[in-house]
Amino acid sequence: MTPAGLLKRPGYWLALCWLGIVAATGLLSSWLRLPYLSTAPDLLHMAAPPSALHYFGTDVLGRDVLAGLVTGAQRLVKLSLPAVALATAFGAVAGGAAGFWGNTRLRLPLGALGLPAALAWWLLQLPGCVYFTVSILSISGLYELITSRRQQALQIRPLTFALPLDSLLLGIATLLGALPRLVLLIALAAGPPLTLVQLLALLVLIAWPEPARMVRAEMLRVRVQPFIEAAWASGLGPGRIWWRHALPAACQPLRTLAPLSLAGLIGLETALAFLGIGQAPNAVGWGTLLATVRQDPSAWWVALAPGVALLATLLALQKVAASK
């Protein structure tokens, strides 16, 4: 990149630099030699302003704010980035499949009906959960094996049913979107503290409908394009056309949506930490640092550093998304 190119979009490159600093801090946090741990209180300097001992001060519990900032960046790298990656990937596949096959184009053998029945029985933990789940799967597999051999011997068309994939996706996405995401997340996270994996799964569950709806809408346009019709005419199978040609073209808008989704998940995770919902008592992050200032409003430095870091990160993601 030449200096002239940098000068044309200075805000974009500044945003990338800030995001790179946050990501590098989170990735290298285990190797950074900080004078204090984020969870170790300094009882001699509680709610102390910035000084030579604590460069960003301490909170009301005596915890070092700088160490908390680094731990918050690590949490962002370990939680928010994987969450947005998984939600985007799952949403892209689900939305792409729904838009490509619709409600009638994807036909499955009758034996496949046993899989959702067994899954529902297992999830609802109905009587004899394991026994009936295994029985349903065994009966479905045996039925499919017998009927497929009979159909091959008689050379008749196999019995199938149309999976309403588009209606299923829209129904689930509408159900998840019926409530504001923060309210839904608080309702699901209420209760005992969640592990990092549980919180990651919860964020993915909340975030995947948005990329799914976008890819589905784009797939409705892509599937009638000339290059898709040419692929059909060349004799390629539907699965290969969907995976190799239609899905990559339909996922193009995700380059703009992914930074905004990441900003939304960071905001949701910070709000949960600020409210203390689903968090371990000793958890440290940008949200928990912002929350501790409520115990001593005069300790303004506790909220300043994480507030500036959070605001700069959200603005940088918005700038990157707008520049795509």
Side-chain angles (χ1 to χ4, degrees), residues 81-117 119 137 140-141 143-145 147-177 204-262 264 320-324:
L81 276 178
V84 76
L86 291 174
T88 302
F90 181 75
V93 172
F100 187 77
W101 277 287
N103 288 324
T104 58
R105 294 182 182 86
L106 183 60
R107 303 194 68 84
L108 300 177
L110 286 180
L113 286 173
L115 183 60
L119 181 62
L137 290 175
S140 300
Y143 170 81
E144 185 60 29
L145 180 64
T147 54
S148 62
R149 288 188 175 181
R150 180 173 176 272
Q151 289 159 358
Q152 288 177 0
L154 298 176
Q155 295 184 347
I156 59 177
R157 191 173 181 178
L159 296 176
T160 59
F161 70 97
L163 181 67
L165 196 58
D166 196 30
S167 296
L168 284 175
L169 178 110
L170 290 178
I172 296 173
T174 302
L175 184 64
L176 290 175
V204 172
L205 176 67
I206 296 292
W208 74 266
E210 194 172 359
R213 280 194 288 260
M214 176 172 282
V215 174
R216 173 189 170 273
E218 185 68 11
M219 183 62 78
L220 295 178
R221 185 189 66 83
V222 167
R223 74 181 186 185
V224 296
Q225 294 297 310
F227 71 96
I228 297 296
E229 295 179 356
W232 283 111
S234 64
L236 295 178
R240 186 173 181 180
I241 294 174
W242 173 72
W243 181 254
R244 298 286 300 274
H245 302 282
L247 190 59
C251 289
Q252 295 294 328
L254 293 181
R255 294 184 302 173
T256 301
L257 181 65
L260 297 177
S261 297
L262 179 57
V320 170
S323 303
K324 292 291 183 180

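Heavy-atom basis, side chains included; hydrogens, waters and symmetry copies ignored.
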- prompt: Does the side chain of Leu247 come within less than 4.5 Å of Met219's, by heavy atoms?
  reply: yes
- request: Report yes if some heavy atom in the side chain of Leu236 is under 4.5 Å from a heavy atom in the side chain of His245; otherwise report no.
  value: yes
task: Check Gly99 against Leu220 and note the closest heavy-atom contact, atom names and distance.
output: O-CD2, 3.6 Å
query: What closest approach, in Å, do Val222 and Ile228 show between heavy atoms, and which atom pair accounts for it?
result: O-CG1, 3.3 Å
Check: Asp166 main-chain N/O paired with Asn103 side-chain donor or acceptor under 3.5 Å: yes
- prompt: Closest approach of Leu254 and Ala92, non-hydrogen atoms and distance?
  reply: CD1-CB, 3.7 Å
field: Close side-chain approach of Trp101 and Leu163, heavy atoms under 4.5 Å
entry: no
message: Side chains of Leu260 and Glu210, heavy atoms from C-beta outward: is any pair under 4.5 Å?
response: no
query: Considering all heavy atoms of both residues, which atom of Val84 and which atom of Thr88 are nearest to each other, and what is their separation?
result: O-OG1, 2.6 Å
message: Quick one, Val215 with Phe100, criterion side chain to side chain contact (heavy atoms under 4.5 Å, CB included). Give me CA distance, side-chain angles, the key distance, then yes/no.
response: CA-CA 10 Å; Val215 174; Phe100 187 77; over 6 Å; no
query: Between Trp208 and Phe90, how do the two ring planes meet: parallel, tilted or perpendicular, split at 30° and 60°?
result: perpendicular
task: List the atom of Ala83, the atom of Val204, and the distance in Å for their closest heavy-atom pair.
output: O-CG2, 3.7 Å
- request: To the nearest 0.5 Å, tell me how far Gln252 CD sits from Leu257 CG.
  value: 13.5 Å
field: Pairwise distance CG(Leu86) to CG(Leu81) - rounded to 0.5 angstrom
entry: 11.0 Å
field: Where Pro253 and Ala250 come nearest, the two heavy atoms and their spacing
entry: CD-O, 3.3 Å
query: Ile206 versus Leu176: any side-chain heavy-atom pair under 4.5 Å?
result: no
